[in-house]
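Structure first, commentary second.
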Amino acid sequence: MSKPIRVRFAPSPTGPLHIGGVRTALFNYLFAKKHNGVFFLRIEDTDQNRFVPGAEQYIFDALDWLGIAPSETIGKNEKFGPYRQSERKALYQQYADQLISSGWAYYAFDTTEALDFHRKQHEEQGKTFIYNWHNREKLDTSLVLSIEETDRRIANGDDFVIRFKTPVNETLHLNDLIRGDLKFETSLLDDKVLFKSDGMPTYHLANIVDDHLMETSHVIRGEEWLPSMPLHVLLYRAFGWEAPEFAHLPLILKPVGNGKLSKRDGDKLGFPVFPLEWKTEEGISSGYREKGYYPEAVINFLALLGWNDGTEKEIFSLEELVNGFDLNRVHKAGAKFDPEKNKWFNHHYLQTQPNASLAASFSPILAEKGISVSIEKLENLVELIKERADFVSDFWNLSTFFFEAPISYDEKAAKNWKEETPALMQELISVIENIGDFSSRTIETIIKDWMEKNEIGMGKIMQPFRLSLVGALKGPHLFDIAEWIGKTETIKRLEKAIATL
């Protein structure tokens with residue numbers, strides 16, 4: 001690592017940022033911060049046909065929310081700008097021309113119909129058509145046309161592409177920081193299109209030129225780009241540039257079945273695969289933020305999809321992830337996405353939030369139901385229920401009985417309501433009426449003293465008492481519930497249970 005560490009995240013604005021892309025951004029961010037380097041973001045929008053309005057801003061908003069914003073990008077520390085490929089268009093022509101001049105690339109004038117014909121012809125013979133050394137001098141290319149004819153056709157406005165001239169019969173021995181030594185046979189590679197007649201480069205050319213000009217030291221990207229590695233290394237060679245180091249991250253796999261995690265998996269199993277909500281005419285795709293996940297929980301969970309620090313530790317702050325991150329600890333095999341583990345992380349981070357913050361988030365949910373409670377009292381309630389919650393949105397179901405008396409009683413729990421129970425509950429009402437300080441501790445002490453003095457078993461009182469207040473045998477500490485709803489409401493619910501059960 002002699003040269004300065006500069007790594008990039010280079011998404012295309014073709015839709016919402018997938019959680020796999022977020023993980024790629026995160027690993028680049030962690031690597032840069034670990035080595036006091038720069039994490040920059042470049043928008044790769046050379047394919048204008050796939051451009052989706054709003055997608056670019058979505059990428060920036062998502063990374064900001066997650067706390068892993070780039071330190072260098074569009075409108076921010078533009079040391080090597082522009083950082084939008086469509087604005088770098090003028091750059092690429094000269095590099096395409098350079099490859100033509102040096103013999104590393106050639107013009108190809110084949111029409112779509114001609115290529116379709118060749119593919120069909122090969123299929124009929126049980127073969128696969130590959131545009132490479134095997135046939136490039138038999139096709140409509142500048143390798144067989146005279147210079148004059150080539151120039152005439154370009155001047156005439158004929159459609160063309162510039163293809164890379166892949167070397168023949170060479171074995172490439174390449175190193176990947178995650179996968180180790182890799183071997184590629186150049187004779188099996190196709191001659192990729194680098195430049196189109198509309199003046200726009202393809203991903204392969206623009207990517208290499210930009211990474212070189214922006215002084216990228218390491219290319220950390222998804223496993224799906226591994227087949228492109230030999231072409232990219234050969235392009236660096238063709239230009240006479242030093243190639244960056246490469247690291248290809250493992251795929252994030254479906255929770256169930258085989259293959260890469262997709263939006264369809266999230267829709268089917270009810271979990272988000274995008275950091276933020278994404279709206280289209282077809283509908284709304286849910287996001288982690290809108291589902292109530294904490295950004296720290298998403299980051300922590302994603303970091304452990306394909307990486308660990310070699311210990312059993314699971315909870316990491318962003319600072320701890322930076323300090324512990326090492327590409328040598330990234331796995332080669334795909335990492336299965338576990339929605340329940342995802343929730344587990346959110347549960348942990350919810351428990352660490354201040355009650356005041358949780359109460360402030362819960363208050364609008366209550367307001368929608370026409371319920372108004374002081375923040376102080378709501379903080380007390382949150383403390384009682386948060387242990388059972390994964391999300392703030394769980395609070396209502398965990399606390400309904402604090403605001404509404406039971407209108408029905410759990411049938412199974414009602415079996416604890418015996419013949420002698422109404423009389424015992426009536427006595428309990430008398431005890432409660434005489435309690436002055438209606439605090440949880442005082443209520444518990446006085447009721448337990450009464451039970452002990454009268455030799456009444458715990459089960460005969462506690463279960464019917466809870467059933468009366470809650471409607472089921474669930475909820476936090478019984479006497480905390482009684483204090484929160486108050487003496488009048490406690491007695492009212494006991495009377496209703498006596499009358500109903």
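All values reported here derive from a predicted model rather than from experimental measurement.
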Fill in the blank from the handout: Here the gap from I429 atom CD1 to Q426 atom CD, rounded to the nearest 0.5 Å, amounts to 4.5 Å
Problem - Side-chain (D211) to main-chain (I208) donor-acceptor, under 3.5 angstrom - result: no
Problem - Atom CZ of R329 with >12 non-hydrogen neighbours under 6.0 angstrom - result: yes
Handout entry: Short side-chain donor-acceptor distance under 3.5 Å, R179 and H248
Key = no
Exercise for the section: Scan side-chain atoms only and decide if N342 and Y288 contain a donor-acceptor pair under the 3.5 Å cut-off. Expected result: yes
Practice task
Using atom types as modelled and distance alone, determine if a side-chain donor or acceptor of S361 lies under 3.5 Å from a backbone N or O of S357.
Solution key: yes
Exercise for the section: Starting from the C-alpha separation in whole Å, work towards a yes-or-no answer on salt bridge (Lys or Arg N to Asp or Glu O under 4.0 Å) for E87 and R84. Expected result: CA-CA 6 Å; E87 295 173 7; R84 197 181 279 117; 2.4 Å; yes
Problem - Whether T500 side chain and K496 backbone form a donor-acceptor pair below 3.5 Å - result: yes
Handout entry: Lys/Arg N to Asp/Glu carboxylate O, R42 vs E44, below 4.0 Å
Key = yes
Practice task
Answer yes when K34 and D326 have at least one side-chain N-carboxylate O distance shorter than 4.0 Å, and no when they do not.
Solution key: no
Problem - R493 and E489 ion-paired at < 4.0 Å - result: yes
Handout entry: Proximity of F403 and W396 rings by center, below 6.0 Å
Key = yes
Handout entry: Lys/Arg-Asp/Glu bridge criterion (N-O < 4.0 Å) met for E72, R6
Key = yes
Exercise for the section: Check the side chains of D45 and Q85 for a donor-acceptor pair under 3.5 angstrom, ignoring hydrogens and angles. Expected result: no
Exercise for the section: Please determine which of F325, W307, F345 meets the ring pair (Phe, Tyr, Trp, His ring centres under 6.0 Å) test together with F316. Expected result: W307
Exercise for the section: Examine the side chains of T445 and T442 and answer whether a donor and an acceptor come within less than 3.5 Å of each other. Expected result: no
Handout entry: Atom NZ of K343: over 12 foreign heavy atoms under 6.0 Å
Key = no
Handout entry: Electrostatic pair D449-K453, nearest N-O below 4.0 angstrom
Key = no
Problem - Distance-minimising heavy-atom pair for L350 and V392 - result: CD1-N, 3.6 Å
Handout entry: Straight-line distance of T73 OG1 to R8 CZ, nearest 0.5 Å
Key = 13.0 Å
Handout entry: More than 12 heavy atoms from other groups under 6.0 Å of NZ on K260
Key = no
Practice task
Report the distance from atom CD1 of I485 to atom CG of L381, rounding to the nearest 0.5 Å.
Solution key: 12.0 Å
Exercise for the section: Kindly say whether A247 contributes a backbone atom to a donor-acceptor pair with the side chain of R221 at under 3.5 angstrom? Expected result: no
Exercise for the section: Begin with the C-alpha distance, continue with both residues' side-chain angles, and end with the deciding distance and a verdict on salt bridge (Lys or Arg N to Asp or Glu O under 4.0 Å) for K33 and E319. Expected result: CA-CA 9 Å; K33 297 299 179 186; E319 184 181 1; over 6 Å; no
Fill in the blank from the handout: Minimal heavy-atom distance between P53 and W278, with the atoms involved, is O-CH2, 4.1 Å
Exercise for the section: Carefully, step by step, assess L428 and W450 under the rule side-chain contact (heavy atoms from CB on, under 4.5 Å). Expected result: CA-CA 9 Å; L428 178 60; W450 163 69; 3.9 Å; yes
Problem - Between Y92 and D210, a side-chain donor and acceptor under 3.5 Å - result: yes
Problem - K313 to I315 - nearest heavy-atom pair and separation - result: NZ-O, 2.9 Å
Exercise for the section: Just say parallel, tilted or perpendicular for the rings of F362 and F395, cut-offs at 30° and 60°. Expected result: perpendicular
Fill in the blank from the handout: Test side-chain contact (heavy atoms from CB on, under 4.5 Å), reference I498, set P422, P464, S468, output is P422
Handout entry: R466 (side chain) donor-acceptor with K474 (main chain) under 3.5 angstrom
Key = yes
Exercise for the section: Check I19 against I252 and note the closest heavy-atom contact, atom names and distance. Expected result: O-CD1, 4.3 Å
Handout entry: Any side-chain donor near an acceptor of the partner, E296 and N300, under 3.5 Å
Key = no
Problem - More than 12 heavy atoms of other groups within 6.0 Å of E320 CD - result: yes
Exercise for the section: Apply salt bridge (Lys or Arg N to Asp or Glu O under 4.0 Å) to K448 and E452, showing your working. Expected result: CA-CA 6 Å; K448 285 185 175 178; E452 189 177 335; over 6 Å; no
Problem - H331 versus N308, side-chain donor and acceptor atoms under 3.5 Å - result: yes
Exercise for the section: Verify whether one side chain among H348 and E314 offers a donor that lies under 3.5 Å from an acceptor in the other. Expected result: no
Practice task
Could you tell me whether the side chain of T216 and the main chain of H218 form a donor-acceptor pair under 3.5 Å?
Solution key: no
Fill in the blank from the handout: One should read off an interatomic distance between D480 CG and I385 CD1, to the nearest 0.5 angstrom, of 12.0 Å
Practice task
Take the angle between the ring planes of F391 and Y293 and call it parallel below 30°, perpendicular above 60°, tilted in between.
Solution key: perpendicular
Exercise for the section: Check whether more than 12 heavy atoms from other residues, nucleotides or ligands sit under 6.0 Å from atom CG of D198, and answer yes or no. Expected result: yes
Exercise for the section: Indicate, with yes or no, if the rings of F479 and W484 have centres closer together than 6.0 Å. Expected result: no
Exercise for the section: Please check if atom NZ in K192 has more than 12 non-hydrogen atoms from other residues, nucleotides or ligands closer than 6.0 Å. Expected result: no
Exercise for the section: For atom CD of E433, decide whether the heavy atoms of other residues, nucleotides or ligands shown that lie under 6.0 angstrom number more than 12. Expected result: yes
Exercise for the section: Would you please say whether a donor-acceptor pair under 3.5 Å links the side chains of N346 and K291? Expected result: no
Practice task
Enter the distance from L467:CG to K412:NZ here, rounded to the nearest 0.5 Å.
Solution key: 13.5 Å
Practice task
Supply the atom-to-atom distance M425 CE to K460 NZ, rounded to the nearest 0.5 angstrom.
Solution key: 11.0 Å
Practice task
Decide yes or no on side-chain contact (heavy atoms from CB on, under 4.5 Å) for W344 and D338, but give the supporting numbers first.
Solution key: CA-CA 10 Å; W344 179 86; D338 183 348; over 6 Å; no
Exercise for the section: Show the numbers, then the answer: is there a side-chain contact (heavy atoms from CB on, under 4.5 Å) between V233 and F246? Expected result: CA-CA 10 Å; V233 171; F246 288 88; 3.9 Å; yes
